[in-house]
Amino acid sequence: MDIRTLFPILDQNVYGKPLVYFDNAATTQKPQCVIDALNGYYTSLNSNIHRGAHYLAAKATECYEQTREAVRNFINAKHSHEIVFTRGTTESINLVASSFCQRFLSKGDEIIVSGMEHHSNIVPWQLACEKAGAHLRVIPFSDEGILDLHALTNLINEKTRLVAVNHVSNTLGTVNPIAEIVNIAHSHNIPVLVDGAQSISHMPVDVQALGCDFYCFSGHKMYAPMGVGIMYGKEELLNEMPPYQGGGEMIKDVTFEKTTYNDLPFKFEAGTPSVGDVLGLKAAIDFMHQCGIEYIATHEKMLTDYATQKLQEIDGIRIFGVAPHKTSVISFLIGNTHPYDVGTLLDKLGIAVRTGHHCTQPIMDRYKIPGTVRASFAVYNTKEEIDIFIQALHRIAPMLQ
């Protein structure tokens, strides 16, 4: 199977050059099967779910719930009702920050995050702490991009209510030892939320093996459409948490005196969902199974190792995030050149990378830099594309220093 040919967007030129797409940590491109699933829903199945007795509604509901089961299987959750559909990782984390903290966070309590978190796994906890009068504590990381788990152990105390940490850093590429973090937290009866946005498309994820209490991720970073995400939560915690939003679908009975909430997972799925995007997620999961998750991980590691080796041959290169266990993200600078200048010149050569702080300003502050150039790889990328990328950097580096 020639995986690259399954992605129609990659078969184009940018500024007269073949497109080299290395911005996969921001969003992956979509295979034709995902595009077909989205198109198929709107051309032959468009209907609201769970509420209609007619054929289209029943069929759309069936496909929607088949996706929920596919997600459950994909991350090895225990129950399908532990899978809640959202708009993406950000909404998933905000859901937990709102509902969990409303139930369990009080004045003087503490929440722990790591120093390498995306803003989406910082700001919701800051808002929750501000509302409750609680405090945010931060796990530091080393120059190499490795979390200090000894510091985590020292941060946990009787006031700690939750630990929130990413599985993979979107800037450094570090794969954090989630099972070990969970063991540390659970030894103090502290639940753990994992931001899985950058891990879900790169490696096998087994939430039962990891032991985490919440796992959040987006479809659009795993070859699915934008507008769909997942919040996995353990049944016992979800049952204790109040709803995130009020409206249709999340109720059993409504009177002006009292509302009775629906069972899981519908208690957290108020309103009309993005059904087409959810069906596209099912197609993306099928695509990843077809490729083989282990194959994806192996291929991307080969690309990352090759690109890292070639980058180190460029004068003045500085790579940020050199943990021994990392995924297909490389953040770098060329000397003191501003990352935007590098990204702009690469774009003119048909190469798409990300520049800036990558919604991780605390990481940039940690290294005292304005941002980085970030190249991130997916299963459809090739060594030949990396050669083009490296040749371009050799060409532009002397122009910028």
Side-chain angles (χ1 to χ4, degrees), residues 21-28 88-94 97 113-127 136-148 164-176 194-199 201-202 216-218 220-221 226 304 307-308 311 314 316-323 326-347 351-378 389 393 396-397 400-401:
Y21 185 79
F22 284 171
D23 194 20
N24 295 286
T27 193
T28 53
T89 308
T90 297
E91 185 175 54
S92 295
I93 295 172
N94 274 274
V113 300
S114 89
M116 61 174 67
E117 297 308 311
H118 189 282
H119 297 166
S120 293
N121 205 25
I122 298 173
V123 179
W125 307 112
Q126 289 177 325
L127 292 171
L136 198 67
R137 308 291 297 277
V138 182
I139 312 166
F141 63 90
S142 69
D143 290 344
E144 295 77 19
I146 302 171
L147 281 184
D148 185 345
V165 63
N166 56 31
H167 199 166
V168 170
S169 167
N170 72 308
T171 296
L172 304 174
T174 304
V175 180
N176 287 315
V194 179
D195 173 354
Q198 294 295 333
S199 53
S201 69
H202 301 294
C216 305
F217 59 94
S218 300
H220 75 94
K221 295 181 190 293
M226 294 183 178
T304 305
T308 300
L311 278 169
I314 298 173
I317 201 78
R318 292 190 288 162
I319 296 177
F320 299 88
V322 292
K326 61 178 290 185
T327 58
S328 53
V329 169
I330 305 176
S331 285
F332 66 94
L333 291 175
I334 301 176
N336 293 317
T337 301
H338 197 282
Y340 183 78
D341 294 335
V342 177
T344 299
L345 290 174
L346 287 173
D347 177 54
I351 302 167
V353 295
R354 181 68 42 161
T355 63
H357 55 66
H358 318 304
C359 293
T360 57
Q361 285 181 309
I363 291 180
M364 304 307 153
D365 293 342
R366 166 72 171 73
Y367 290 114
K368 297 181 172 56
I369 56 177
T372 69
V373 182
R374 184 184 71 187
S376 50
F377 313 122
F389 171 57
L393 289 174
I396 68 177
L400 296 171
Q401 297 190 72

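This chain uses plain numbering: 1 for the first residue, then up along the sequence.
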Any heavy-atom pair between the side chains of [Y] and [X] that's under 4.5 Å?
{"X": "I369", "Y": "L333", "value": "yes"}
{"X": "F377", "Y": "T304", "value": "yes"}
{"X": "F320", "Y": "V373", "value": "no"}
{"X": "D23", "Y": "Y21", "value": "yes"}
{"X": "Y367", "Y": "T372", "value": "no"}
{"X": "D195", "Y": "F217", "value": "no"}
{"X": "M116", "Y": "L147", "value": "yes"}
{"X": "R318", "Y": "N336", "value": "yes"}

Revision key, fill the gap. Residues at least two apart in sequence or cross-chain that pass side chain to side chain donor-acceptor pair (under 3.5 Å) with S114, listed by chain then number, are E117

Review point. Residues in side chain to side chain donor-acceptor pair (under 3.5 Å) with N170, at least two apart?
Key: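 By the side chain to side chain donor-acceptor pair (under 3.5 Å) rule, N170 matches no residue at all.
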
What's the spacing between [X] [atom1] and [Y] [atom2] if we round to 0.5 Å?
{"X": "L400", "Y": "H338", "atom1": "CG", "atom2": "NE2", "result": "12.0 Å"}
{"X": "H167", "Y": "Q198", "atom1": "NE2", "atom2": "CD", "result": "12.0 Å"}
{"X": "N176", "Y": "S169", "atom1": "CG", "atom2": "OG", "result": "7.5 Å"}
{"X": "K221", "Y": "S201", "atom1": "NZ", "atom2": "OG", "result": "9.0 Å"}
{"X": "I330", "Y": "S376", "atom1": "CD1", "atom2": "OG", "result": "9.5 Å"}

Exercise for review: Start with the C-alpha distance between I314 and F332, add both sets of side-chain angles, then the distance that settles side-chain contact (heavy atoms from CB on, under 4.5 Å), and finish with yes or no.
Suggested key: CA-CA 11 Å; I314 298 173; F332 66 94; over 6 Å; no

In terms of side-chain heavy atoms, does [X] have a donor or acceptor partner in [Y] at a distance below 3.5 Å?
{"X": "N166", "Y": "N121", "value": "no"}
{"X": "T360", "Y": "T171", "value": "yes"}
{"X": "H202", "Y": "T327", "value": "no"}

Compare every heavy atom of [Y] with every heavy atom of [X], then report the nearest pair and how far apart it is.
{"X": "V168", "Y": "G173", "value": "CG1-O, 3.8 Å"}
{"X": "G145", "Y": "L172", "value": "CA-CD1, 4.0 Å"}
{"X": "I363", "Y": "G115", "value": "CG1-O, 3.7 Å"}
{"X": "G321", "Y": "K326", "value": "O-NZ, 2.8 Å"}
{"X": "S120", "Y": "T90", "value": "OG-OG1, 2.9 Å"}

**Study point:** Polar side-chain atom of S218 near backbone of T89 as donor-acceptor pair, under 3.5 Å
**Key:**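 Looks like yes, one N/O pair under 3.5 Å.
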
**Study point:** Side chain Q126, main chain L136, donor-acceptor under 3.5 Å
**Key:**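 No, the answer is negative, given that no donor and acceptor are paired below the 3.5 Å cut-off.
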
Exercise for review: Verify the ring-centre separation between H119 and H357: is it less than 6.0 angstrom?
Suggested key: yes

Practice item. Would you please test V113 and I139 for side-chain contact (heavy atoms from CB on, under 4.5 Å) and show each step? Key: CA-CA 6 Å; V113 300; I139 312 166; over 6 Å; no

Practice item. Please test T27 against M226 for side-chain contact (heavy atoms from CB on, under 4.5 Å), starting from the C-alpha separation and ending with a verdict. Key: CA-CA 9 Å; T27 193; M226 294 183 178; 3.7 Å; yes

Show me the donor-acceptor pairs, under 3.5 Å and distance only, between side chains in residues 339-347 and residues at least two apart or in other chains.
from, atom 1, to, atom 2, distance (Å)
T344, OG1, Y340, O, 2.8

**Study point:** Set of residues satisfying ring pair (Phe, Tyr, Trp, His ring centres under 6.0 Å) with respect to F389, sequence neighbours excluded
**Key:** F22

Exercise for review: Apply ring pair (Phe, Tyr, Trp, His ring centres under 6.0 Å) to H118 and list each qualifying residue two or more places apart in sequence or on a separate chain.
Suggested key: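 Expected list: none.
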
Check your understanding: How would you list, by chain and number, every residue that makes a salt bridge (Lys or Arg N to Asp or Glu O under 4.0 Å) with R366, sequence neighbours excluded?
Key -> D143

